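Keep in mind that what you see is a predicted model, and the values were worked out from it rather than measured.
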Amino acid sequence: MMKGRLFGGILTLSLLLTACKTTGSATSVKTDLREVVNSPDVTLVDVRIPEQYEAGTAKDAVNIPLAEIQNNIGSLKGKKVVVFCNKGIQADQAMEILKKNGVDAYDGTSWKNVKAIQDEKQSGK
């Protein structure tokens, strides 16, 4: 009985961790995200805790930890927002909150992904 529960829990967890990244075609999502990240009116939001943010983040990103996203809806409404974290799990949760509250939000997944998009533009690719 316990073995079945453990397997079910692991299966559910693995589905949760992979399911959110499989929708849509990767090419169109990346192209759109590149345009959004590099647009002059975008607000980049790192949803990790301050210590992680200070250790490294994307250029011009602001730090609004996931726990504080709900309290910052007012300052983000009407803006084009890209959220990201370390691996995308917190960013997914932030996306859910922002979309539910009518914020024009995009999932940048990780800060390294967003930074790579910025670096790509700077190198002229």
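A distance of 6.0 Å separates CG in L44 from CD in Q118, rounded to the nearest 0.5 Å. Residue I69 holds its CD1 atom at 12.5 Å from CD of E96, rounded to the nearest 0.5 Å. Taking CG from L98 and CD from Q70, the interatomic distance works out to 8.5 Å, rounded to the nearest 0.5 Å. Between the CG atom in D32 and the CD atom in E35 there is a gap of 6.0 Å [rounded to 0.5 Å].
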Let me see the working for T57 and R48 under side chain to side chain contact (heavy atoms under 4.5 Å, CB included), right down to the final yes or no.
CA-CA 10 Å; T57 192; R48 299 175 299 156; 4.0 Å; yes
In sequence, state the C-alpha distance, the side-chain angles, and the governing distance for I64 and V47, and then conclude on side chain to side chain contact (heavy atoms under 4.5 Å, CB included).
CA-CA 5 Å; I64 305 174; V47 297; 5.6 Å; no
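Residue V83 is grouped with residue L76 when hydrophobic side chains (ILVMFWY) are merged at heavy-atom distances under 4.5 angstrom, including chains of intermediate members. If you chain together hydrophobic residues whose side chains sit under 4.5 Å apart, I73 and M95 fall into the same group. Clustering ILVMFWY residues whenever any of their side-chain heavy atoms sit less than 4.5 angstrom apart, transitively, puts V103 in the very cluster that holds L66. Both V62 and I97 are part of a single hydrophobic cluster, where members link through side-chain heavy atoms under 4.5 Å apart.
Judged purely by atom type and a 3.5 angstrom limit, K79 uses its side chain to pair as donor or acceptor with the backbone of S75. Remark: side-chain polar atoms of Q90 are not paired, donor with acceptor, to backbone N or O of F84 under 3.5 angstrom. Side-chain atoms of K99 come within 3.5 Å of backbone atoms of A105 as a donor-acceptor pair (strictly under, hydrogens ignored). Proximity of a side-chain donor or acceptor of N38 to a complementary backbone N or O of R34 within less than 3.5 Å is detected. Here the side chain of K77 pairs a donor or acceptor atom with the backbone of N101 at under 3.5 angstrom. Looking at Y53, its side chain does come within 3.5 Å of a backbone N or O of A61 through a donor-acceptor pair.
Residue V82 is tested with T43, V42, D46, D107 for a side-chain contact (heavy atoms from CB on, under 4.5 Å); the sole match is V42.
Closest approach of A58 and V114 over heavy atoms only: CB-CG1, 3.6 Å. Here the shortest heavy-atom pairing between P50 and P65 reads CD-CG, 4.0 Å.
When side chains are defined from C-beta on, T109 does not count as touching W111, because their heavy atoms never get closer than 4.5 Å. Under the 4.5 Å side-chain criterion, counting only non-hydrogen atoms from C-beta, N86 is not in contact with S110.
Ion pairing between a basic and an acidic side chain is recognised when a charged N comes within 4.0 Å of a carboxylate O; D41 and K80 show such pairing.
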